2 protein chains.
Amino acid sequence: MTAPLHETRPSGAARALPDTQRGMRRRNLARVLHAVSAEGSLSRAAVATRIGLTRAAVSTLVDELIRWGLLEELGPERPGRVGRPGSALTVSGRGPAGIGAEIGVDHLAVCAVDLRGAVRARAVRHTANRGRAPGPVVEELTELVRQVVAEAEREALWPAGLAVAVPGLVARDGRTVVRAPNLDWHDTDLDPLLPGDWPLTVDNEANFGALAELWLGDGTARDFLHVSAEIGIGAAVVVDGGLLRGTRGFAGELGHVPVRPDGPPCPCGGRGCLEQYAGEEAVLRAAGLKPREDMVGLLAGRAEQGDASVRAALRDAGTALGIALTGAVNLLDPETVVLGGALAGLSPWLLPALEAELTGRTAGPPCPVTVSRLGPEGPLLGAAHSVVRGVLDDPAVVAERS
Amino acid sequence: MTAPLHETRPSGAARALPDTQRGMRRRNLARVLHAVSAEGSLSRAAVATRIGLTRAAVSTLVDELIRWGLLEELGPERPGRVGRPGSALTVSGRGPAGIGAEIGVDHLAVCAVDLRGAVRARAVRHTANRGRAPGPVVEELTELVRQVVAEAEREALWPAGLAVAVPGLVARDGRTVVRAPNLDWHDTDLDPLLPGDWPLTVDNEANFGALAELWLGDGTARDFLHVSAEIGIGAAVVVDGGLLRGTRGFAGELGHVPVRPDGPPCPCGGRGCLEQYAGEEAVLRAAGLKPREDMVGLLAGRAEQGDASVRAALRDAGTALGIALTGAVNLLDPETVVLGGALAGLSPWLLPALEAELTGRTAGPPCPVTVSRLGPEGPLLGAAHSVVRGVLDDPAVVAERS
DNA sequence: CTATTTCGTCATGGCCGTTTACAAATTAGT
DNA sequence: ACTAATTTGTAAACGGCCATGACGAAATAG
């Protein structure tokens, strides 16, 4: 099953091209590819009306995309209406693929996604990475990457780029991990450690998770708040189909929004930050449990069994989340709030208090809160898809590369 | 003195044009005009290198803009370097003008701004509009508009559009006032009431104030939070040189961010909203004063004289603002926070507590807080400039109009 | 006074989407 | 079954637009 790609308009890169004839051509190639990708299957005439060019122009654009191996002709459509049936076009299932990788505290994962959005190869390995040096970890990851790439190549795919999701803060250069507390990495440039055969992007796993929700989630929302709690509590802000990164790349620090200004002190210097109420440690302490791996499973299991103190701890966390989110919603007026990552698994016990707080504090119709169905797969898929989006946004690059 | 226009890239409208040769031409015309506008005076060759086109292409674009009366030739530049000196180009001081208007609770104002950004005509009238019906108010405003337009036309300017700033919530259609509590207007479509000779835009005065800060402010920041307190407390969020409006147009409701979740109830349904601590009424009550016109002047005067209760009230308001802004800054990581509108005048007494709160609650370098130097003029100037920006973003429209 | 550099313009050329025309393939109507 | 209408995809002519390369003009450097 091919995941539908909701986004229709090219989203950035292609827009930066100079306004010259060549740039125009490149943008139009991207628009054709986007249109077909969004619809799954489309005739030349349908593409033409959809993107506002003439059939003749679209024909030459399609020819070029077919020559590059990015589009395929499926043959005549089943005619439902009068007139000659169009010839269906589809994004090719062979050719460039996006390689996504994820470095977690207790696992490594890699996958390959084709232009259609389908996962075509994957590899996972469970390893305890907490406190382990970057060198060996990335070496092990590289092994998985080579494995996945080999598997993809057997299916006539070639890697168009590598995107790595890490549980920490990443510099805006998209290469160096500034700080990953759970791994104990600081200012580590991953570029020299990874295979340099393809373009590399490194980003926060929460950001990739939010992008996955944008591109693969159920809704078609282009403005939402994606809240996740892997390292701290982060909220990726998606505005008009793009990630808001902030001037220093620090946007989305929901964990340090003040919830009770006179509350307990926080390492950040403030008092009563959200993380003091809904952070991993805080919830465990409130529930009377000791830290260990697979926190989420533990909490969910106990809550399922009816453990009163765990339920109370989660309810209080939901309340705190609701207060912080009320502020965020008032400020940004998003279409929805999406709970992802660890929060998705705990949502049954968080949501009631969270929504009570959110609706109680809003005058008009409250902002709907949904739960991501991507679960823990989000960041990995988002990473792989970010590479695919790059190709969709500027198909001409693959021509230069082959 | 001509105000510098910081923004260089076209910011929206022109980007939506179809990617056809005609659209490309229009975008390039806009880029040339933007380049000259941003620099004040530029030669053809300088424009060419700046926007990435050849000198030949820029020549034809400039010719067209001169023919339309949007650019003027100033003659040869003073040669500082080797080589033939260029011929300086400037944005024309005649031709299209933006007409900005403001409806306040105690005044009406209109001004005309030319393409250079200079105010060329203005008219102000003090009237008590609180609770007055839209009809008579707009009629009086229309009179001022006609006056300003006549004055502008004597200077060889013609109105390219009318933008009206109102103290209330405006629908996304840019025509109807949904709710203006201080005027007691509800769902009023201003379009039929205003002279229909030119394109009309209506928007919240806080939004126009933020845009004025973006276009005319000291900094060149493209990402900031502009906080103002005219009706309630609003924060306009500027991201990448554009206003974040939210899905329903309600973004920026800083006044209802929870500051103390168990605080006093707020009409919005919540408890302890910022407005309960830093809103007009709350500050007056805390200072032991009764509501009347010119709140800001009153408070500033008393604080200046050393009135302890007023100073305490303002300090507490500053603290509450600081708490709410800490949340916003953590979420958005803006370049700066700008205090505008009424807050600018009260900043000497608000800032210390506000900044203490903001720096105390942030780990890294705190987000700098600045005070707008535009003062109460902001919304009016922003409105007029928004029309000018429209011309700069797509100069071809004026050719169709004349 | 000459060589060099830079500016603005002109003619040429190539690229690209549009326009117009036409053949192919299907449905609707008789 | 046959014709008319409709829609699709392609081909050729057209026009617009930017790039290229060359040239004269106007300044500086030596």
Side-chain angles (χ1 to χ4, degrees), chain A residues 14 17-32 35-36 39 41-67 71-90 395-396 399, chain B residues 14 17-32 35-36 39 41-67 71-90 395-396 399:
Chain A
L17 292 169
D19 252 319
T20 168
Q21 299 188 111
R22 206 188 215 84
M24 180 174 77
R25 182 73 173 175
R26 286 175 78 151
R27 282 191 299 272
N28 281 335
L29 286 163
R31 293 175 69 190
V32 169
V36 176
E39 218 60 37
S41 161
L42 224 52
S43 72
R44 289 169 176 77
V47 171
T49 57
R50 175 180 267 261
I51 68 176
L53 295 182
T54 56
R55 298 201 307 274
V58 170
S59 260
T60 71
L61 291 163
V62 165
D63 286 348
E64 198 149 359
L65 291 170
I66 289 179
R67 201 174 326 122
L71 282 184
E72 280 174 2
E73 196 114 35
L74 279 185
E77 290 175 323
R78 266 193 311 131
R81 300 176 308 277
V82 58
R84 170 179 168 181
S87 177
L89 300 166
T90 308
Chain B
L17 292 169
D19 251 319
T20 169
Q21 299 190 112
R22 207 188 213 84
M24 182 174 75
R25 182 72 174 174
R26 287 176 76 151
R27 282 191 300 272
N28 281 334
L29 285 162
R31 292 176 67 192
V32 169
V36 176
E39 219 59 37
S41 161
L42 226 51
S43 71
R44 289 170 176 77
V47 171
T49 58
R50 174 179 268 262
I51 70 176
L53 295 182
T54 56
R55 300 200 306 272
V58 170
S59 261
T60 71
L61 291 163
V62 166
D63 285 349
E64 198 148 0
L65 290 170
I66 289 179
R67 203 174 323 123
L71 282 184
E72 279 175 5
E73 196 114 34
L74 278 185
E77 290 175 323
R78 265 194 316 131
R81 299 175 310 278
V82 55
R84 169 181 168 180
S87 176
L89 299 166
T90 308

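Source: prediction; values computed, not measured.
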Expressed as a whole number of angstroms, how long is the span from [X]:[atom1] to [N]:[atom2]?
{"X": "A/R27", "N": "C/dG17", "atom1": "CZ", "atom2": "P", "value": "10 Å"}
{"X": "B/R26", "N": "D/dG16", "atom1": "CZ", "atom2": "P", "value": "16 Å"}
{"X": "B/I66", "N": "C/dG8", "atom1": "CD1", "atom2": "P", "value": "11 Å"}
{"X": "A/L53", "N": "C/dC16", "atom1": "CG", "atom2": "P", "value": "13 Å"}
{"X": "A/D19", "N": "C/dG17", "atom1": "CG", "atom2": "P", "value": "13 Å"}
{"X": "A/L61", "N": "C/dC15", "atom1": "CG", "atom2": "C1'", "value": "12 Å"}
{"X": "A/L29", "N": "C/dC15", "atom1": "CG", "atom2": "P", "value": "15 Å"}
{"X": "A/D63", "N": "D/dT10", "atom1": "CG", "atom2": "C1'", "value": "9 Å"}

Taking N and O atoms by type only, does the side chain of A/R84 place a donor or acceptor under 3.5 Å from a partner on the base of D/dT8? yes
Kindly say whether, by distance alone, the side chain of A/Q21 makes a donor-acceptor pair under 3.5 Å with the base of C/dG17?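 Between C/dG17 and A/Q21, which were checked side chain against base, a qualifying N/O pair under 3.5 Å is absent.
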Quick check on [N]: is either OP1 or OP2 less than 4.0 Å from any side-chain nitrogen or oxygen of [X]?
{"X": "A/N28", "N": "C/dC16", "result": "no"}
{"X": "A/S59", "N": "D/dT10", "result": "yes"}
{"X": "B/T54", "N": "D/dC18", "result": "no"}
{"X": "B/R22", "N": "C/dT18", "result": "no"}

Report the C-alpha separation of A/L65 and A/V36 in whole Å, then their side-chain angles, then the decisive distance to 0.1 Å, and conclude whether the side chain to side chain contact (heavy atoms under 4.5 Å, CB included) test is met. CA-CA 11 Å; A/L65 291 170; A/V36 176; over 6 Å; no
Pairing of A/D19 and A/R27 as salt bridge, 4.0 angstrom limit: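 A salt bridge links A/D19 with A/R27.
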Going by heavy atoms in the side chains, are B/Q21 and A/Q21 under 4.5 Å from each other?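 They are in side-chain contact.
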Heavy-atom check, side chain of A/V62 versus side chain of A/V47, under 4.5 Å: no
Taking the side chain of B/S43 as heavy atoms from C-beta outward, which of C/dC16, C/dG8, D/dA5 is closest to it?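 Looking only at side-chain atoms, B/S43 lies closest to C/dG8.
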Across the strands shown, which category fits B/R55 at heavy-atom distances under 4.0 angstrom: base, sugar-phosphate, nothing?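 Base, at least one base heavy atom under 4.0 Å.
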Quick one: label A/A56 by what it contacts on the DNA or RNA (base, sugar-phosphate, nothing), any heavy atom closer than 4.0 Å. base
Can you check whether A/I51's main-chain N or O pairs, donor with acceptor, with A/R31's side chain at less than 3.5 Å? yes
Given DNA chain C, 5'-ward residue of the pair A/R81 and A/T60, judged by closest heavy atom: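 Upstream on the strand: A/T60.
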DNA chain C: B/G83 or B/A45, which has the more 5' nearest nucleotide? B/G83
